[in-house]
Participant: 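Let me begin by handing over the structure; questions about it come next.
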Protein chains: 2
Amino acid sequence: MNTDSELQNPEWRSSCPIASGLDILGDKWSLIIVRDLIEHSSRTYSEFASSPEGISTNILASRLKWLESLSIIERINPDKPSRNNAFQLTQRGKALRPVLEELGKWSQIHLKEIHPTIVKII
Amino acid sequence: MNTDSELQNPEWRSSCPIASGLDILGDKWSLIIVRDLIEHSSRTYSEFASSPEGISTNILASRLKWLESLSIIERINPDKPSRNNAFQLTQRGKALRPVLEELGKWSQIHLKEIHPTIVKII
DNA sequence: CCGGATCCTTGTCGATACTG
DNA sequence: CAGTATCGACAAGGATCCGG
């Protein structure tokens, strides 16, 4: 998904909106990052890393770059870098909330039999 | 995701519903299969394979098994096998429709600048 | 033909160690 | 603290083969 050359240049499998959304967000981590930013509104690198799902640092860095290049997230302080410079959702990112809400609702209803300890978070 | 030993036995990263939904559906192909079954209500192996996204046959077979083991899809004729035995959504699978609708809406609005040929399908 | 299984190559993931 | 480097494991993709 994210060899440097592909940053900001996704490969579209088709013109279907659903497939195109999955071209960008169809992996195990991107929407977890968005979820964290819906819950907390602002998050640093190490706060992402401490989420219970346990993303590893290289994957986290690559996903943050990816989502930033797509204007789904942004650095709160665009210049002066790194150290304690947290991320937040853009408008485009905030608009993903209904997607995550519907997914969360579906999971709570339909996964509780096979995943007994599932609980509401968002 | 789908070594034989893991069929029907997903690994849950956390108790968060969103993360759990992504544990099952967070890849590039599973929701494409669900989308096809929302559009067409019934589909054979080769019909899936002919969708514009171009899934390869080994990935398709593995995802169909995976989704079937999770009772998201099912064979229309449970016994008498294979040959032209199409798949359909279960209730659990049909309940994913709002998730796909929200994703499709988001993509149409927010991806059209970077993906000019995006069009509505579902 | 259709529904896969198999083989092989390439790419991506993920753990851990390390650096500015 | 915010990443990058490295390396092994595994998944994706393409091509081809096979049984009914």
Side-chain angles (χ1 to χ4, degrees), chain A residues 1-7 9-14 19 22-33 36 42-69 73-88, chain B residues 1-7 10-14 19 22-33 36 42-69 73-87:
Chain A
M1 157 192 305
N2 176 358
T3 59
D4 291 336
S5 63
E6 285 174 1
L7 279 186
N9 230 359
E11 287 184 12
W12 308 111
R13 286 177 289 185
S14 73
L22 294 172
D23 285 337
I24 288 183
L25 301 167
D27 68 273
K28 287 200 181 300
W29 294 110
S30 297
L31 286 177
I32 298 286
I33 290 173
D36 281 355
S42 150
R43 229 130 215 237
T44 65
Y45 187 93
S46 56
E47 288 171 332
F48 285 120
S50 70
S51 285
E53 288 81 16
I55 192 173
S56 58
T57 61
N58 53 347
I59 306 292
L60 174 57
S62 107
R63 286 302 175 284
L64 289 174
K65 272 188 213 165
W66 174 246
L67 293 173
E68 193 180 8
S69 80
I73 66 175
E74 63 190 356
R75 288 178 189 272
I76 291 182
N77 194 329
D79 11 79
K80 294 312 123 197
S82 284
R83 199 91 176 172
N84 287 337
N85 189 353
F87 294 84
Q88 64 189 1
Chain B
M1 157 195 303
N2 177 359
T3 59
D4 290 336
S5 63
E6 285 175 2
L7 279 186
E11 287 183 13
W12 308 110
R13 284 176 290 182
S14 73
L22 295 171
D23 286 336
I24 288 183
L25 301 167
D27 70 272
K28 286 200 181 300
W29 294 110
S30 297
L31 286 176
I32 296 286
I33 291 173
D36 281 356
S42 150
R43 259 205 145 197
T44 65
Y45 187 93
S46 55
E47 287 171 334
F48 285 120
S50 71
S51 284
E53 288 80 16
I55 190 171
S56 58
T57 62
N58 51 351
I59 308 290
L60 174 57
S62 106
R63 286 301 174 284
L64 290 173
K65 272 189 215 164
W66 173 247
L67 294 173
E68 194 180 6
S69 81
I73 65 174
E74 64 190 356
R75 287 177 189 274
I76 291 182
N77 194 329
D79 9 79
K80 292 314 123 197
S82 285
R83 197 83 176 182
N84 289 336
N85 189 356
F87 294 84

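Each chain gets a letter, A, B and so on, in the order its sequence line appears, and its residues count up from 1. Side-chain atoms are counted along with the backbone in the values below, which use heavy atoms only and exclude waters and symmetry mates. On a predicted model such as this, the values are computed, not experimentally measured, just so you know.
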Participant: Quick one: does any side-chain atom of B:Thr44 pair with a main-chain N or O of B:Glu47 as donor and acceptor, under 3.5 Å?
Facilitator: yes

Participant: Are any of B:Lys65's side-chain N or O atoms less than 4.0 Å away from OP1 or OP2 of C:dA5?
Facilitator: yes

Participant: Can you measure from CG (B:Asp36) to OG (B:Ser50) and round to the nearest 0.5 angstrom?
Facilitator: 8.0 Å

Participant: Find the distance A:Asp23:CG to D:dA12:P and express it as a whole number of Å.
Facilitator: 15 Å

Participant: Just N and O in the side chain of B:Arg63: are any of them under 4.0 Å from OP1 or OP2 of D:dA12?
Facilitator: yes

Participant: Atom NZ of A:Lys28 and atom P of D:dA11: how far apart are they, to the nearest Å?
Facilitator: 11 Å

Participant: In whole Å, I'd like the distance from the CG atom of A:Leu60 to the P atom of C:dA15.
Facilitator: 13 Å

Participant: Between D:dA2, C:dG4, D:dG3, which nucleotide gets closest to the side-chain atoms of B:Ala61?
Facilitator: C:dG4

Participant: Looking at A:Ser46, I'd like to know whether one of its side-chain N or O atoms comes within less than 4.0 Å of OP1 or OP2 on D:dA2.
Facilitator: yes

Participant: How far does CD of B:Glu74 sit from CD of B:Glu68, to the nearest 0.5 angstrom?
Facilitator: 8.5 Å

Participant: Side-chain N or O of A:Arg75 versus OP1/OP2 of D:dG3: is the shortest distance under 4.0 Å?
Facilitator: yes

Participant: If I take atom CZ in residue B:Phe87 and atom P in nucleotide C:dG3, what distance separates them, rounded to the nearest angstrom?
Facilitator: 9 Å

Participant: Between atom CD in B:Glu11 and atom C1' in D:dC10, what is the gap in whole Å?
Facilitator: 13 Å

Participant: For B:Ile32 and D:dA12, give me the distance from atom CD1 to atom P, rounded to whole Å.
Facilitator: 14 Å

Participant: To the nearest Å, how far apart are A:Asn58 CG and D:dT6 C1'?
Facilitator: 10 Å

Participant: Can a donor-acceptor pair be found, under 3.5 Å and without considering hydrogens, that links the side chain of B:Arg13 to the backbone of A:Lys28?
Facilitator: yes

Participant: Is there a donor-acceptor pair under 3.5 Å between the side chain of A:Arg63 and the backbone N or O of A:Leu31?
Facilitator: no

Participant: Between the base of C:dG3 and the side chain of B:Asn84, is there a donor and acceptor pair under 3.5 angstrom?
Facilitator: no

Participant: Can you find an N or O donor on one side and an acceptor on the other, under 3.5 Å apart, linking the side chain of B:Thr57 with the base of C:dA5?
Facilitator: yes

Participant: If only side-chain N and O atoms of A:Trp29 are considered, is one of them under 4.0 Å from the OP1 or OP2 phosphate oxygen of C:dG14?
Facilitator: yes

Participant: Quickly work out the B:Ile59 CD1 to C:dT10 P distance and round it to whole Å.
Facilitator: 17 Å

